[in-house]
Amino acid sequence: MSAETRDVVIIGAGPSGLSAARRLRKAGRSVIVLEARDRVGGRTWTEHIDGQMFELGGQWISPDQTALLALVDELGKETYPRYRDGDSVYIAPDGTRTVYSGEMFPVGESTQSEMERLIGILDELAARIGPKAPWDAEDAAELDSISFHHWLRQQSEDELACENIGLFVAGGMLTKPATTFSALQAILMAASAGSFTNLVDDHFILDRRVVGGMQSVSVQMAEELGEDIVRLQQPVRRIEWSETGVSVSTDELTVSAGQAIVAVPPNLYSRISYDPPLPRLQQIFHQHQAMGLVIKVHATYDTPFWREDGLCGTGFGASRLVQEVYDNTNHGEEQGTLVGFISDVNADAMWALDEESRRTKILEVLAEFLGPKALEPRVFYLSDFGAEEWTRGAYATSYDLGGLHRWGPFQNDPVGPIHFASSDIAAEGYQHVDGAVRIGTATAERILGEKS
Ligand code: FDA
């Protein structure tokens, strides 16, 4: 067991831990980043599968995600827009396929106006409640005690409108059934993206990607910090702490430091032993932040054939196994790549199948959206963060019903010298790489005394 001493020890080399390390180094503090995996980037992971580059984890940037955009720029990296020329496809619950243009699903006039009305209500709530302290709203407890599913049905009797609006937060973002999280949680998601209108606008929310892949942002930050600072394959097992400092141990290394930043997803906080134990409050609420589950489907074809049919590759169908499909062709490539998402209970059902049946069922849905050529990809791969020991789900963690207003006010509080930083407890950029960059930087600034 070797021993080292630093000003600050950071646990986790995802975008939040690396952003914190970068900020502290800039201010001249000595740091070390202990990472469990044999790679940096956490839930951002750019990998070659059968010769094809896929973004297995986080990839898109929206225009409001200015902290990430500024970082990408500072690192000298380029971004490029998602391909979106042409029509989209909507599949109704009865299986009817409609090709359409514009933002609104082709659902009939009254459902359309009902969806617009619901979006309006949610925009007002998101603007009033905001992303920073949604628990402070006068109706926070009320909105947090009802599921988003039931709240929508209180607002509207139009089942299809409720189903479609639910999709944007349930399958689309929190990757949990809308019965399992609160209306307040859904409003936070919208507020963190600027508005509910932004959330439903795929041109906004899935705007740009990083040339070379999102993980390269973390890889470059780690390279700048150097191997003496970023240590791979060092899962942190134990934090001994007092008011004056911490002693953080992996299987091989003990680091003594004045402060620690735990930059891992909240569902993994309790995989670390704390001595003395964390206070009662944290021990309880850390159990109420749970990961969602989504399978990210990757399929590469010889060409982006859908473009020849005048389609942009975008498909929506709240009742389908794959609820969203997009053109995910990499920058400068001739071959075409589709990405799709299979969320929560549908993901459970897919993992219960054998590999061949799973592939067949998934490709059949891609073909429903974009035609029979979708049945024969050159490369097919499913991201499986649920099976990753150091993530255990996707995309991120959120509270169960009632948790956000009860424990949200304490989620950013340090415990003695232990600070917590994760995209999942960020305000702007909540559950996104941008939020990770913001909270990593803000936590470093708090340690530097630049932020309260
Ligand atoms: P993150 O989880 O990335 O990093 C935490 C690190 O801590 C990991 O490297 C982990 O190995 C390490 N760790 C855990 N326990 C440890 C221990 N005990 N000791 C040492 N190290 C430990 N976002 C976005 O902006 N646009 C998008 O398109 C998407 N899409 C998307 C798709 C998929 C499939 C996923 C899984 C996620 C996304 N996201 C996303 C979300 C985005 O990837 C996520 O918000 C950020 O990666 C979070 O960064 P953090 O650094 O907070 O955690």
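Residue numbers start at 1 and run along the sequence shown. The analysis underlying the following values was restricted to heavy atoms, covering all of them including side chains, and did not include hydrogens, waters or symmetry mates. All ligand and atom numbering here is 1-based and tracks the order in the structure. None of the values given here were measured: they were computed from a predicted structure.
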### Message
So, 4.0 Å and heavy atoms of Gly41: is ligand 1 close enough to count as a contact?
### Response
yes
### Query
Would one find more than 12 heavy atoms of other residues, nucleotides or ligands at under 6.0 Å from atom CD of Glu389?
yes
### Query
Can Gln234 and Glu35 be counted as having a side-chain donor-acceptor contact under 3.5 angstrom?
no
#### Entry: Asp327 with Arg84: basic N within carboxylate O range, under 4.0 Å
no
### Query
Thr300 and Thr337: side-chain donor and acceptor closer than 3.5 Å?
yes
### Message
Could you tell me, atom by atom, which parts of ligand 1 come under 4.0 Å of a heavy atom of Leu34?
### Response
20 (C), 21 (N)
### Query
Nearest heavy atom to atom 51 (O) of ligand 1: which of Ser16, Gly58, Gly17 does it belong to?
Ser16
### Query
So is there a nitrogen or oxygen of Asp434 less than 3.5 Å from a nitrogen or oxygen in ligand 1?
no
### Task
Can you figure out which of Val236, Val40, Leu18 has its heavy atom closest to atom 17 (C) of ligand 1?
Val236
### Message
I'd like to know whether the aromatic ring centres of Trp135 and Phe410 sit less than 6.0 Å apart in this structure.
### Response
no
#### Entry: Glu324 and Tyr326 side chains, donor-acceptor separation under 3.5 Å
yes
### Query
Strictly under 4.0 Å, does any heavy atom of Ala396 approach an atom of ligand 1?
no
#### Entry: Side chain, backbone, both or neither: the part of Met214 lying under 4.0 Å from ligand 1 by heavy atom
neither
### Task
If you have a sec, work out which protein heavy atom is nearest atom 34 (C) of ligand 1 and how many Å separate them, to one decimal?
Leu56 O, 3.5 Å
### Task
Using a strict 4.0 Å cut-off to heavy atoms of Ile11, name the atoms of ligand 1 that fall inside it.
17 (C), 19 (N), 20 (C)
#### Entry: No-hydrogen, no-angle side-chain donor-acceptor test under 3.5 Å, Asn164 and Tyr90
yes
## Note on the structure
shortest atom 36 (C) of ligand 1-to-protein heavy-atom contact is with Ala394 CB, 3.6 Å
### Message
Under a 3.5 Å cutoff, is there a donor and acceptor pairing between the side chains of Ser247 and Glu240?
### Response
no
### Query
Hey, are Arg209 and Thr329 close enough side-chain-wise for a donor-acceptor pair under 3.5 Å?
no
### Query
Which residue owns the protein heavy atom closest to atom 33 (C) of ligand 1, what's the atom, and how far is it?
Tyr395 CD2, 3.3 Å
### Summary
ligand 1 atoms nearer than 4.0 angstrom to some heavy atom of Gln59 are 26 (N), 27 (C), 28 (O), 29 (C)
#### Entry: Side-chain donor-acceptor pair present, Lys176, Gln185, cut-off under 3.5 Å
no
### Query
Is it true that Phe105 and Phe168 have ring centroids separated by less than 6.0 Å?
yes
### Query
For ligand 1, is there an atom lying under 4.0 Å from some heavy atom of Thr391?
no
### Any side-chain donor near an acceptor of the partner, Asn346 and Ser343, under 3.5 Å
no
## Note on the structure
re atom 12 (C) of ligand 1, the protein heavy-atom contact at minimum distance is Glu35 OE1, 3.3 Å
### Task
Check each of Ser19, Ala263, Gly12, Pro266 against atom 5 (C) of ligand 1 and report the one with the nearest heavy atom.
Ala263
### Query
Should Thr250 be listed as contacting ligand 1, given a heavy-atom distance under 4.0 Å as the test?
no
### Query
So, Thr391 versus Arg37: side-chain donor-acceptor pair below 3.5 Å or not?
yes
### Task
Within a distance under 4.0 Å of any heavy atom of Ser422, pick out the atoms of ligand 1 and give their elements.
52 (O)
### Query
Is NZ or CZ of Arg307 both nearer than 6.0 Å to the six-membered ring centre of Tyr83 and within 45° of the ring axis?
yes
### Query
Any heavy atom of Pro265 sitting closer than 4.0 Å to ligand 1?
yes
### Task
Consider only side-chain N and O atoms of Arg82 and Asn328, and report whether a donor and an acceptor are under 3.5 Å apart.
no
### Proximity of Trp390 to ligand 1 by residue part, where a heavy atom lies under 4.0 Å
both
#### Entry: Those atoms of ligand 1 less than 4.0 Å from some heavy atom in Gln431
41 (C), 45 (O)
### Message
Return the closest protein heavy atom for atom 26 (N) of ligand 1 as residue, atom name and distance.
### Response
Trp60 O, 3.0 Å
### Query
Can you check whether Lys296 has an N/O within less than 3.5 Å of an N/O in ligand 1?
no
### Task
List the closest protein heavy-atom neighbour of atom 21 (N) of ligand 1: residue, atom name, distance to the nearest 0.1 Å.
Ala36 N, 3.1 Å
### Query
Which is it for Arg446 and Thr441 under the side chain to side chain donor-acceptor pair (under 3.5 Å) test, yes or no, and what are the steps along the way?
CA-CA 9 Å; Arg446 185 188 257 192; Thr441 309; over 6 Å; no
### Message
Can you tell whether the side chains of Asp7 and Arg25 come within less than 4.0 Å, N to carboxylate O?
### Response
no
#### Entry: Which of the ligand 1 atoms, numbered from 1, are nearer than 4.0 Å to a heavy atom of Gly14
4 (O), 6 (C), 9 (O), 51 (O)
### Message
Test your reading of the structure: does Pro15 have an N or O sitting under 3.5 Å from an N or O of ligand 1?
### Response
yes
#### Entry: ligand 1 atoms in contact with Leu268 (distance to a heavy atom under 4.0 Å)
14 (C), 15 (N)
### Message
Which residue in the set Trp407, Phe181, Tyr269 passes ring pair (Phe, Tyr, Trp, His ring centres under 6.0 Å) when paired with His288?
### Response
Trp407
### Message
Side chain, backbone, both or neither: which applies to Asp424 and ligand 1 if a contact is any heavy-atom pair less than 4.0 Å apart?
### Response
neither
### Task
State if Arg37 counts as touching ligand 1 under the rule of any non-hydrogen atom under 4.0 Å.
yes
### Summary
Ranking Arg43, Glu55, Arg39, Glu389 by closest non-hydrogen atom to atom 1 (P) of ligand 1, top hit is Arg43
#### Entry: Identity and distance of the protein heavy atom lying nearest atom 42 (C) of ligand 1
Val433 CG2, 3.9 Å
### Summary
shortest atom 13 (N) of ligand 1-to-protein heavy-atom contact is with Val264 CG1, 3.6 Å
